[in-house]
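As structure tokens, the structure follows; a few thoughts come after it.
When a residue number appears, it is its place in the shown sequence, counting from 1. What you see is a predicted model, and the numbers here were worked out from it, not measured in a lab.
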Amino acid sequence: MRGRSSAGVVCGLLVLLGALLTGCQSPSAGVAEDGRLGEPASGRATTVSPPPTRPSGYGAVFLAVDECSSFGTTSFTEVPCSGERAAARVVARHDGAVRDGPRCPATTDFVLHISEQRPASDEDGDGAVPQGYACMRNLQPPHPGDPGGGGGPRTIVGDCVYSSGDGQVREAACDGKGEQKPEYEVIRAVAERADCPASTALYVRLGGDRPVGCARPL
């Protein structure tokens, strides 16, 4: 009798232990973040992708200040300034259209117009490069934006111009080596025409806070 009683106690403990273990197991259904039961678990681990990180250095911002572009004013790419394809450096960068934004620095050689794009990757990861413009300076001479250089997006003091008809003037290299011969040289920039010297023969529109260029004949 004592042997059968001991066996019965052991069997009872095993059944109770099995019930406790069964109660501690996780349910087969998945659990949502809010604590509610979700769909049945698939048995596969879910991989959470880390948030995209903003790139740094070359290419972090498309044609940022001090970055360089390849040759060309209509078709160009951003390239490392130390590379053999580098042609010009960004001296100023603005969003929007040239007519609506700040003026480029006085000795800018040319302007790159950046059309709005939606590439796979861009400077801030939002899938868009906004419309804008970059004021460029050639890495090597010639520099048409320098005074007397015969080009550049701005006419400044020291530049030479020639009459192109209909009351318009265009820049020409002051050394006379360009396609057009210079006729006048801008010798001063003033706020009003009355501030020009008596030797002024032509008034040139410059823009800015001193919009009048006083030009003398050559």
Side-chain angles (χ1 to χ4, degrees), residues 56-83 85-117 122-124 129-162 164 168-175 177-180 182 184-193 195-196 200 202-216:
S56 60
Y58 156 63
V61 176
F62 184 66
L63 286 181
V65 174
D66 285 335
E67 290 181 346
C68 293
S69 76
S70 61
F71 295 89
T73 57
T74 57
S75 177
F76 57 89
T77 57
E78 180 182 313
V79 296
C81 291
S82 58
R85 296 180 59 202
R89 188 185 302 273
V90 181
V91 295
R93 172 76 155 83
H94 305 289
D95 291 337
V98 174
R99 64 178 180 274
D100 301 324
R103 305 174 75 202
C104 284
T107 56
T108 298
D109 286 332
F110 63 96
V111 177
L112 288 181
H113 299 270
I114 302 168
S115 300
E116 183 177 1
Q117 304 172 23
D122 61 286
E123 63 262 33
D124 56 10
V129 175
Q131 179 189 16
Y133 58 99
C135 309
M136 309 299 296
R137 176 84 173 170
N138 292 332
L139 295 179
Q140 302 293 334
H143 294 290
D146 284 350
R154 293 182 53 183
T155 301
I156 59 178
V157 173
D159 279 341
C160 294
V161 298
Y162 68 96
S164 60
Q168 302 294 319
V169 295
R170 296 183 181 277
E171 284 191 43
C174 289
D175 59 11
K177 295 181 179 179
E179 295 181 0
Q180 300 291 336
Y184 305 89
E185 181 184 0
V186 180
I187 59 174
R188 188 176 300 179
V190 297
E192 298 179 357
R193 290 189 176 188
D195 298 329
C196 285
T200 300
L202 180 72
Y203 302 100
V204 180
R205 183 181 301 174
L206 304 181
D209 55 355
R210 294 185 178 183
V212 179
C214 314
R216 64 176 182 83

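Atoms CZ and CZ, on Phe71 and Arg85 in that order, are 9.5 Å from each other to the nearest 0.5 Å. A distance of 7.5 Å separates CD of Glu171 from CD1 of Ile156, quoted to the nearest 0.5 Å. Atoms CD and CG, on Glu185 and Leu202 in that order, are 12.5 Å from each other to the nearest 0.5 Å. Of the inter-residue distances, the one linking Asn138 atom CG with Cys68 atom SG reads 11.0 Å to the nearest 0.5 angstrom. Put simply, NE2 on His113 and OH on Tyr133 are 10.0 Å apart, with the number rounded to the nearest 0.5 Å. Taking CG of Leu112 as the start and CG of Leu63 as the end, the distance is 6.5 Å to the nearest 0.5 Å.
Here the closest non-hydrogen pair linking Asp159 and Thr155 is OD2-CA, 3.4 Å. Nearest heavy atoms, Cys104 versus Arg154: O-NH1, 2.9 Å. Here the closest heavy-atom approach between residue Leu139 and residue Cys81 is recorded as CD1-O, 4.4 Å. Smallest separation of non-hydrogen atoms from Ala88 and Phe110: CB-CZ, 3.7 Å. Ala172 and Gln180 make their closest contact through CB-O, 3.6 Å (heavy atoms, listed as atom of the first residue, atom of the second, distance). Across all their heavy atoms, Cys174 and Pro182 have their closest contact at O-CG, 4.0 Å.
Taking the six-membered ring where the residue is Trp, Phe62 and Phe76 present parallel rings, their angle staying beneath 30° rather than reaching 60°.
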Test log, rule side-chain contact (heavy atoms from CB on, under 4.5 Å), inputs Asp195 and Val212: CA-CA 9 Å; Asp195 298 329; Val212 179; over 6 Å; no

Arg137/Asp146 under salt bridge (charged side-chain N to carboxylate O under 4.0 Å, His left out): CA gap, chis, key distance, verdict: CA-CA 10 Å; Arg137 176 84 173 170; Asp146 284 350; 2.7 Å; yes

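His143 and Asp109 form a side-chain donor-acceptor contact under 3.5 Å, judged by distance and modelled atom types alone.
Counted within 6.0 Å of CZ on Arg103, heavy atoms from surrounding residues, nucleotides or ligands total more than 12; the atom is thus considered enclosed.
Side chain of Thr77 to backbone of Ser70: no donor-acceptor contact under 3.5 angstrom is found.
Of the residues Glu78, Arg89, Arg93, the one that meets the side-chain contact (heavy atoms from CB on, under 4.5 Å) test with Glu67 is Glu78.
Considering only heavy atoms from C-beta on, Thr200 stays 4.5 Å or farther from Arg216 through its side chain.
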